[in-house]
Amino acid sequence: MTREVTDTDGITWTCTQAYSGLSDEKENNTAAQVNEERDTYWVVCTPSGGAKSVRLELPGEWEDSYSDEDLLKQIKTGLEK
């Protein structure tokens with residue numbers, strides 16, 4: 001569950017659903033959920049170059065359903081918080 005997007009400044013953001021690297025066990029998926037009813041998950045996006053990472057609340061299937069532009073908008077909004 002990892003996805004990379006590059007912004008207009010040439011920064012590549014690597015986005016990974018929280019806890020996904022631990023294993024595919026159900027409890028790790030549950031730990032990453034923000035709200036089971038809304039099917040939302042915590043996703044951490046880390047930039048190349050060592051700038052600040054951002055934690056986003058995104059819907060399930062985010063890795064397929066979000067366009068690169070939409071994901072970059074969410075990252076920008078998360079950085080402004």
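Hydrogens, waters and symmetry mates play no part in the numbers below; they use all other heavy atoms, side chains included.
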- Between Glu63 and Arg3 the two heavy atoms that sit nearest each other are O-NH1, 3.4 Å
- Item | Minimal non-hydrogen separation, Tyr41 against Pro59, with atom names | CD1-C, 4.4 Å
- Message: Any side-chain to backbone donor/acceptor pair from Asp7 onto Asp9? Under 3.5 Å, distance only.
- Response: yes
Using atom types as modelled, flag every donor-acceptor pair under 3.5 Å from a side chain in residues 71-81 to any protein atom, sequence neighbours excluded.
from  : atom 1 : to    : atom 2 : distance (Å)
Thr77 : OG1    : Lys73 : O      : 3.0

Please tabulate, for the side chains in residues 47-55, all donor-acceptor contacts under 3.5 angstrom to protein atoms that are two or more places apart in sequence or on a different chain.
from  : atom 1 : to    : atom 2 : distance (Å)
Ser48 : OG     : Thr12 : N      : 3.1
Ser53 : OG     : Thr46 : OG1    : 3.2

- Which residues share a salt bridge (Lys or Arg N to Asp or Glu O under 4.0 Å) with Asp70, sequence neighbours left out: none
- Are Val44 and Ile11 connected in a single hydrophobic cluster, I mean Ile/Leu/Val/Met/Phe/Trp/Tyr linked by side-chain heavy atoms less than 4.5 Å apart? no
- Kindly indicate, with the supporting measurements, whether the criterion side-chain contact (heavy atoms from CB on, under 4.5 Å) is fulfilled by Glu4 and Trp13. CA-CA 5 Å; Glu4 288 187 351; Trp13 291 85; over 6 Å; no
- Item | Closest non-hydrogen atom pair between Ser65 and Gly60, with its separation | OG-O, 4.3 Å
- Message: For the OH atom of Tyr66 and the CG atom of Asp68, what is their distance to the nearest 0.5 Å?
- Response: 13.0 Å
